[in-house]
Every structure is written in C-alpha cells, then in structure tokens.
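Note sheet for the following structure.
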Amino acid sequence: MIDVRTLRANPEAMRATIRLRRVDPRKADLDRWLALDERRRALQTQLDEVNAQKKQLAGLGRTDPDAARAQGQALRNRSRELESEIARVTQEWQAILDWFPNWPHPAMPPGEGDDDNVEECAWIPGQGYLPAARLGKGFHTAQHMPQRPIHAEDPDFAPLHHADLGQHLGGIDTLQGAKVSGSRFAYMLGDIALLQIAVEQLLTGRLLESGYMPIIPPLLVRERSLYGTSHFPEGRDQVYEIQPHNVEEGTELFLVGSSEPSNFSYFMDRTLDEPALPIRMFANTPCFRSEAGSWGKDVKGIKRVHQFDKIELNAVCAPEQSEALYEEFRTINEWLLQRLELPYHVVDKCGGDAGYLATHRQRDVEVWLSGSREFMEVMTDTDTTDYQARRLNIRYRTADGATHLCHTVNDTGCALGRMLIAILDNYQQKDGSVKVPEALRPIVKKDYLGR
RNA sequence: GGAGGGGUGUCCGAGUGGUUGAUGGAGCUCGUCUCGAAAACGAGUGGGCCGAAAGCCUCGUGGGUUCGAAUCCCACCCCCUCCGCCA
C-alpha cells in the first residue's frame, strides 16, 4: 500500500506508474479514487463536527439529562448516517487503493514483458563475466552462452531433458507423484534428494557465517499476512485456501506460496528499535502454489510444480538501508551460482514484468541451461521499500522517540527444485550420468550420479 | 473435543455508564544534585486521521443499547488453565 498523502500530491505520477507497471486501469481506477477520497474527507470533517457536539452534550447530560436527551437523539442519528456513508465510501476507496503499485525506482526499465528486461551482468564458468558491451535486453546473452552441456567431458551428444535424466537416474518420479497427489507433484529420491540437501547446506552455511537469522515459520497463515505482503488481492488465485473441517468452525487459512509472508508477519504490528536494524533472516520451507491458469505450460518434470522447497532471504530495515540490502542479496545469489559453477545472467526487470504490486525495484537471476539452451528463473530479488511494511504495520523507533515505517527487502536465496534442474542439465554426461558439482561433493560423497 | 478464566498505553496493573486517552508503578528522555555514576527530587513520555492549529478516532475486532460506553448486550478473533488426544 502506498502513502495516500504522497498519492494525493502526485496523482499524475501515479497515472504514469500504473502505465509503467501495466496495472489494469479498471482496477487501479485513479480518477474514481480521487473523487472518493475527496468525498471521504468531506464526510469525515462533518462527522468530526457532529462528534464534537456529541461530546459537549455528554458533558451537559451530567447536569441536565433531559435537555441532553432531546438534542442528542438527532445528533446520534446524524452521526450514524455519516458513519455508514463513510464506511461505504471507504470500502470502495480501499479496494481501489489496494491496486495501486509501489512507486518505482527511477531507473526501472520501461517495457511490457521479459523481452524488455535489461541485463545487468552475465557470468560463465571458466570465463567469468561477459564484457558489458555484450549485454542487452531480455535474453540477449543467450547467444554467448554455452550451447552444449558445459560440464560434459565429451559434449558430443544429444542432451536430455531434466525429467528424462531424473527418471533415468531413478531420482525424480513424477508418475507416482501424480498417482498420489495429482499432476505437478513429484517424488525426489536418493542421490537427487541428497543433491538438494547438499545445496541447502552450502547456502545455509554461508548465510549463517554472514549472521543471517534462521527462522522456521508457520506455513498456513491468515488472509492478513498475504494481504500485507501484497500477494493479495492480486495473486489470490495462486494460493491454496484451506477450509479445515476437523478443527474449529470457520477457520480460514492459506498455504503460503513462499515463506516471505510468514517471515515478515513475524514483525507485524511491531515497533522495532532502530539499532536492531537491519534484521536479516532466512527460511528453508516448502512452498505451495496452485499455478491457476498455467495449465499446459512446463508440464514436464519439476520446473513448475504445486509444491517445492525454497530458501528465502528477507530483511526488515530502515529506509536508508534497503538499497544496500537489495545489492547484498544479489551478491549472495551470485556467490551460490558461482560456487555451483552454473552460467547465469541477472536482469533488471521492466515495469510490466516486475512481479507484484509491492515492487519498487526487482531483478531476476536466471540460470542458463546449457543442455536445453534456455534461461530459467531461479531467484528474484525485490526491494519493496515501505509498501509491505505499511500494510503489515512494521515500524521502528529512532533515538528521538519518533516512529517510522520500516522497509522490507526479499530475495529467493535458492529455489531448490529448479537448482536441481540446473545442475542436472549442465552437469549431464554422454553416458546419462551426472557429474556432481565440486562444492557439493563433501556432502554427496560421490563424483558422479548414475555411474 | 469438553469445562472455566481473560484480552487496557513500551511493560506491569487500576478502572464496571458521565470531562478517563485513561489512577498508580516500572522503564525511557530531559533537568537539579555529583568529579562521575547510582540514589533522591522535578518535568516529560502511546498510536492514527485531516496542510498547521483547533478538532476527531483509538482500552482485541466489528455491530448494538444510551443524550453519553474501557465500563452494559451480541458476534467474531486471540491468549491462558484443567481434562482428552497427539509428534
């Protein structure tokens, strides 16, 4: 949610922002909102006056109740009319306000979709960063990326899709997953499951060294948490809604699609002391997504499934700290991919492709699948400034006693299922085996899977 | 699942219809005292809305009764205790 005072002062800037972010103008109906806002304030002023009179009468009522009663009834009726009218106006006012996006970073690239994202950097194992002159828009650097499985000892073979490779190795079973839970569910077994555990330990170790606080949060949350992080109302169809029959009547919970709402909600309605900031934390949790409307897309394998594990990085901080944390998260993302020796590029997301409404600025880290010759999103780094903190009511207190809204920054530390895809794809060998990345061998304790 | 108790400011804790946004204590801030600190004493100290001021809202949330609600009524949310069940 954005600050209504800033909005009132800059309606044309919001009109431009709605265009930049490609928000449906019927939902983010600025003109309607401005009219409602004016109406709302006028009504509130009237109500304040009536309330002030009521208060005066209440004082009179102590000495002369009959006189107070005579005048009071009319005032009460008037205040009720005003209250119900304000409630009606506020409901619509709020419903529109919910659809206004965060103010974008001045450098957020314009554009409609992923072809308009701007490449910040690209890295290839053994080569390092590509020169800036080779960067472009969208998937521009794909042409410079390896076109054969990069870690294959003999790259002269037709690479396998990760689903086939996983099945061949006996470590990914989508058929039994579908039998047990339906399509888009999978079992991961044995060495491939171990591979995931190894990635978890690699990253977790790094985060602990850097002082990140581990957090194990609830994964079933109330509506307010998802509304607070702005996953609602826009992404409501992407989560599972739980209506339990075996517990208390009327309980309504949602399975989180990311631990971000759970993690930030820990700080909901709290006022933190400034010296405690920034608070950096990470959670390794399952994530549940209904992916409604994506039928037919990426149906093979585990790229798009209803349940996957993810290490999430979150920070609650003071306003002047959020940009630095946004960069810090990127360095951790790059560190992991470089340790795993996976090629990738980082893109600055354009207005039309920059995730949820809370986004002030966002970048994606996309790993290159040298076998499949495509980029795949594995991490998203987002600075939401005070947008989420305002809805969640997360504040901090400065030394002079004043309270201000915090900023929140969040990043995918690692989408584990997709990282497995990247490893399988890039490390596959001619004989159908998969080389284990150096950094994971201490835990996997094998040089190859399937040999 | 059964039975009971309770939600008040940063915290503890009064208040059961009339200047109570709220007694008191702790904490915190400032001042006096002190070489300095502690102690003592004095003053201050929740959040939000509306350009400022005035004013209004806020005692878990929402409704209701009343001239007037923290206080009475209803619904919901949450917490605690005992029993049951369970990892």
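Numbers restart at 1 for each chain; the letters A, B, ... are given by sequence-line order, proteins then strands. Worth knowing before you read on, the calculation uses all heavy atoms, side chains too, and leaves out hydrogens, waters and symmetry mates.
- Tested against D364(A) for a side chain to side chain donor-acceptor pair (under 3.5 Å), the candidates T382(A), T380(A), T412(A) yield a single pass: T380(A).
- Place A70(A) and E83(A) on RNA chain B by their nearest nucleotides, and E83(A) ends up nearer the 5' end.
- Of all nucleotides listed (C56(B), G68(B), C50(B)), C56(B) comes nearest to the side chain of A52(A).
- Of all nucleotides present, only C80(B) satisfies the Watson-Crick or G-U wobble test against G4(B), with each distance under 3.5 Å.
- Going from the C1' atom of A26(B) to that of G13(B) covers 10 Å, rounded to whole Å.
- Using a 4.0 Å cut-off, some side-chain N or O of K55(A) falls inside it from OP1 or OP2 of C57(B).
- Here the side chain of A68(A) is nearest to one of C57(B), C67(B), G51(B), namely C67(B).
- Here the nucleotide nearest the side chain of D48(A), chosen from G51(B), C56(B), G18(B), is C56(B).
- Judged by the 6.0 Å distance and 45° axis criteria, R236(A) is positioned over the aromatic ring of F232(A).
- C80(B) sits 35 Å from U45(B) when the P atoms are compared, rounded to a whole Å.
- With a 3.5 Å ceiling on both atom-pair distances, the Watson-Crick or G-U wobble partner of C11(B) is G25(B).
- One atom, NZ of K54(A), and another, P of U65(B), lie 11 Å apart when rounded to the nearest Å.
- Proximity of R5(A) to the phosphate of G51(B): no side-chain N or O atom is located under 4.0 Å from OP1 or OP2.
- Ranking C50(B), G55(B), C67(B) by closeness to the R69(A) side chain, first place goes to C67(B).
- C83(B) and U10(B) have their P atoms separated by 35 Å, with the value rounded to a whole Å.
- Pair assignment for A40(B): U32(B), on the basis of Watson-Crick or G-U wobble contacts that are both within less than 3.5 Å.
- When the P atom is used for both U71(B) and G47(B), the distance is 24 Å, rounded to whole Å.
- Taking the charged nitrogens against the carboxylate oxygens, R361(A) and D383(A) have no contact shorter than 4.0 Å, which rules out a salt bridge.
- In terms of phosphate contacts, R76(A) brings a side-chain nitrogen or oxygen within less than 4.0 Å of OP1 or OP2 of G68(B).
- OP1 or OP2 of G55(B) has not a single side-chain nitrogen or oxygen of N51(A) nearer than 4.0 Å.
- Going from atom OH of Y396(A) over to atom P of G47(B) covers 14 Å, rounded to whole Å.
- The side chain of T403(A) sits closest to G48(B) out of G48(B), C56(B), C67(B).
- Ring pair H404(A)/Y396(A) is tilted by interplanar angle, where 30° to 60° counts as tilted.
- If you check A87(B) for Watson-Crick or wobble pairing at under 3.5 angstrom, you find it has no partner at all.
- With rounding to whole Å, D37(A) atom CG is found 12 Å from C49(B) atom C1'.
- Across all strands shown, R395(A) has heavy atoms under 4.0 Å from sugar-phosphate atoms exclusively, and none from any base.
- Taking atom P on both C74(B) and G5(B), the two are 14 Å apart, rounded to the nearest angstrom.
- Atom CG in L47(A) sits about 16 Å away from atom C1' in A54(B), given to the nearest Å.
- Within the structure, every side-chain polar atom (N or O) of R40(A) is placed at least 4.0 Å from both OP1 and OP2 of C50(B).
- Here Q73(A) reaches the OP1 or OP2 of C67(B): one of its side-chain N or O atoms lies under 4.0 Å away.
- The gap from the P atom of G15(B) to that of G6(B) amounts to 13 Å, rounded to the nearest Å.
- Spacing between atom CG of D3(A) and atom P of C49(B) amounts to 8 Å, rounded to whole angstrom units.
- Classification of the W33(A)-F100(A) ring pair by plane angle, with boundaries at 30° and 60°, yields perpendicular.
- Atom C1' of nucleotide U66(B) and atom CD of Q71(A) are separated by 16 Å, given to the nearest angstrom.
- A distance-only check finds no donor-acceptor pair linking the side chain of D425(A) to the backbone of I421(A) [under 3.5 Å].
- Classified by interplanar angle (parallel below 30°, tilted 30° to 60°, perpendicular above 60°), the ring pair H306(A)/F185(A) is tilted.
- Taking atom C1' in both U65(B) and A14(B), the straight-line distance is 26 Å, to the nearest Å.
- Interatomic distance, E49(A) CD to L82(A) CG, rounded to the nearest 0.5 Å: 10.0 Å.
- A gap of 10 Å separates the P atoms of A38(B) and C28(B), to the nearest Å.
- For the pair H404(A) NE2 and G48(B) P, the computed distance is 10 Å after rounding to whole Å.
- For N393(A) and U10(B), the CG to P distance is 11 Å, given to the nearest whole Å.
- The phosphate of U66(B) has neither OP1 nor OP2 within less than 4.0 Å of any side-chain N or O from R80(A).
- Contacts of R270(A) with the nucleic acid, taken as non-hydrogen atoms under 4.0 Å apart, are absent.
- Among U65(B), C50(B), C57(B), the nucleotide with an atom closest to any side-chain atom of R8(A) is C50(B).
- Pairing for G68(B) is absent, with no Watson-Crick or G-U wobble pair whose two atom distances lie under 3.5 Å.
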